[in-house]
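Down below is the structure, laid out as structure tokens.
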Amino acid sequence: MWPNTKQCAVLLTFDFDAESLWLAHGRDTPTYMSRGAYGARVGVPRILSLLDRYNIRATFFIPGLTAERHPQVVQEIHARGHEIGHHGYRHEGPTELTLEEERAVLEQGFASLEKVTGQRPKGYRSPDWDLSHNSIRLFHEYGFLYDSSMMASDFHPYRLKLDEAEIDLVELPVSWELDDAPHFHFNFSPYRVGMSAPSKAYEIWSAEFEGAYAEGGAFILTMHPQIIGRYHRLQMLERLIQYIAGHPRVWFATCTEVATEWLEQQKR
Ligand code: ZN
């Protein structure tokens with residue numbers, strides 16, 4: 001399925017929200033904002049250093065506002081060869097937007113990211129992992145190659161449908177199991193307490209990788225610099241990278257590389 005007889009694609013993805021995560025929820029007080037700033041000041045530099053050590057190129061989904069607040073951090077991500085994807089403007093969920101508002105958010109996000117990196121993103125990930133009834137039509141209109149917000153598969157990309165017909169828009173599916181937030185992200189809600197030991201996530205993530213490898217699919221992991229950036233969690237991520245890299249014919253790739261390859265395979 002993958003190029004050069006690779007057995008499994010591995011996509012490390014990072015949603016670099018910084019303060020926009022908190023602003024989107026009306027949490028603009030200093031300590032909440034500082035939790036976002038931690039992602040830019042501490043999380044991203046540690047992640048970039050880890051990825052460099054293993055010569056891995058990853059994908060960072062970044063809201064336009066985060067690019068405006070931290071242009072040098074975003075430029076550094078871009079300069080090191082990682083892909084940058086669209087992640088809204090203020091980290092707003094599309095389901096709450098009208099068609100025109102959703103269009104404006106897409107354009108604002110494009111403008112901010114293009115200003116900082118000089119490149120137009122090819123992929124989109126919804127900030128709240130949900131799409132509106134207009135989103136796919138808009139993605140098609142704006143020429144996105146892929147989306148990464150939905151869950152109809154785990155290890156296998158699939159085509160999205162517009163008006164009941166499949167189009168050349170690839171879904172790179174996400175899952176809550178393969179997201180650092182439910183495992184680690186502390187909040188005061190009784191339902192999502194976070195703060196797990198890294199060993200718990202390692203057990204789940206390594207077993208899910210084994211499934212993706214066995215099926216010859218793609219292992220798609222979602223992380224956030226302000227969460228995974230803590231030292232003990234990055235230690236676990238490094239162990240996971242070592243475990244994955246110990247398997248023959250593993251392809252660490254960006255979302256655009258995998259979506260492009262998958263689409264070409266479908267057309268052969
Ligand atoms: Zn996000």
Side-chain angles (χ1 to χ4, degrees), residues 2-18 36-62 66-67 70-85 87 116-117 119 121 123 125 148 172 174 178-181 183-185 196-210 212-213 217-259 261:
W2 303 118
N4 304 319
T5 69
K6 296 287 190 192
Q7 169 73 15
C8 184
V10 176
L11 297 86
L12 303 184
T13 73
F14 298 90
D15 295 358
F16 176 29
D17 301 325
Y38 177 91
R41 292 161 54 93
V42 181
V44 170
R46 280 189 187 149
I47 290 164
L48 291 179
S49 160
L50 174 64
L51 295 172
D52 275 0
R53 286 205 296 284
Y54 291 87
N55 198 23
I56 292 170
R57 281 187 301 156
T59 306
F60 289 74
F61 293 95
I62 306 178
T66 296
H70 303 285
Q72 285 164 340
V73 180
V74 174
Q75 278 162 0
E76 186 63 26
I77 293 169
H78 177 64
R80 298 215 199 181
H82 303 294
E83 178 180 350
I84 291 176
H87 198 45
V116 171
T117 68
Q119 273 189 4
R125 174 173 285 160
S148 183
L172 299 173
V174 292
L178 295 178
D179 179 354
D180 62 355
H183 298 299
F184 299 129
H185 188 40
S196 297
S199 54
K200 178 185 163 198
Y202 183 88
E203 186 179 345
I204 296 167
W205 291 357
S206 57
E208 286 286 306
F209 162 72
E210 286 160 14
Y213 190 84
F219 176 70
I220 304 172
L221 195 55
T222 298
M223 296 162 282
H224 301 75
Q226 60 185 289
I227 301 173
I228 200 75
R230 296 295 307 203
Y231 196 84
H232 64 296
R233 295 177 189 143
L234 275 184
Q235 273 185 326
M236 180 274 288
L237 179 60
E238 180 160 10
R239 269 204 302 139
L240 184 71
I241 288 171
Q242 289 169 350
Y243 176 68
I244 290 171
H247 289 66
R249 295 178 289 116
V250 165
W251 182 37
F252 284 96
T254 64
C255 290
T256 284
E257 287 170 330
V258 170
E261 177 64 27

Next item on the list: Output the distance between atom CG (L237) and atom CG (L221), rounded to the nearest 0.5 Å.
Entry: 7.0 Å

Note to self: Less than 4.5 Å apart, side chain to side chain, heavy atoms only: is that true for I77 and I84?
What the structure shows: yes

Checklist line | Spacing of CG belonging to L12 relative to CG belonging to L240, to within rounding of 0.5 Å | finding: 8.0 Å

Next item on the list: Determine whether I47 and F16 make a side-chain contact, defined as any pair of heavy atoms from C-beta on separated by less than 4.5 Å.
Entry: no

Next item on the list: Please tell me if the side chains of L51 and F14 come closer than 4.5 Å, counting only heavy atoms from C-beta onward.
Entry: yes

Margin query: Once rounded to the nearest 0.5 Å, what's the spacing between atom CD1 of I56 and atom CG of L11?
Written below: 11.0 Å

Note to self: Could you work out, with ring pair (Phe, Tyr, Trp, His ring centres under 6.0 Å) as the rule, every residue matching H87, not counting sequence neighbours?
What the structure shows: H91

Item checked: L48 vs F60, side chain to side chain contact (heavy atoms under 4.5 Å, CB included): CA-CA, chis, key distance, verdict -> CA-CA 11 Å; L48 291 179; F60 289 74; 4.0 Å; yes

Next item on the list: Report yes or no: does E83 contribute a side-chain atom to a donor-acceptor pair with the main-chain N or O of C255 at less than 3.5 Å?
Entry: yes

Item checked: H183 side chain reached by I204 side chain, heavy atoms, under 4.5 Å -> yes

Checklist line | Euclidean distance, E210 CD relative to C8 SG, rounded to 0.5 Å | finding: 11.0 Å

Item checked: Check: R125 side chain, G85 main-chain N or O, donor-acceptor pair, under 3.5 Å -> no

Margin query: Using 30° and 60° as the class boundaries, would you call the ring planes of W205 and F184 parallel, tilted or perpendicular?
Written below: perpendicular

Notebook entry, point to check: Is there side-chain contact between T222 and L178, with heavy atoms separated by less than 4.5 Å?
Noted result: no

Margin query: Quick test of your reading: applying side chain to side chain donor-acceptor pair (under 3.5 Å), list the pairs with at least one residue in residues 225-236, sequence neighbours left out, ordered by first then second residue.
Written below: W22-Q226

Margin query: Looking at T254 and R57, would you say the former's side chain and the latter's main chain have a donor-acceptor pair under 3.5 Å?
Written below: no

Checklist line | Check: A181 main-chain N/O paired with D179 side-chain donor or acceptor under 3.5 Å | finding: yes

Check: How would you list, by chain and number, every residue that makes a ring pair (Phe, Tyr, Trp, His ring centres under 6.0 Å) with F209, sequence neighbours excluded?
Finding: Y213, F219, H247

Check: Which atoms form the tightest heavy-atom contact between H82 and A58, and what is the distance?
Finding: ND1-N, 2.9 Å

Check: What is the distance from atom CD of E76 to atom NE2 of H70, rounded to the nearest 0.5 Å?
Finding: 15.0 Å

Notebook entry, point to check: For T5, does its backbone N or O pair with a side-chain atom of W251 as donor and acceptor, under 3.5 Å?
Noted result: no

Check: Are L172 and T13 close enough that some pair of their side-chain heavy atoms sits under 4.5 Å apart?
Finding: no

Notebook entry, point to check: Is the number of heavy atoms from other residues, nucleotides or ligands within 6.0 Å of CD (E238) greater than 12?
Noted result: yes

Check: Would a 4.5 Å heavy-atom cut-off, applied to side chains only, mark I220 and V258 as touching?
Finding: no

Check: Between OH of Y54 and CZ of F252, what distance do you get to the nearest 0.5 Å?
Finding: 10.0 Å

Note to self: Counting only heavy atoms not in Q72 (residues, nucleotides, ligands), do more than 12 fall under 6.0 Å from its CD?
What the structure shows: no

Checklist line | Check: H78 main-chain N/O paired with T117 side-chain donor or acceptor under 3.5 Å | finding: no

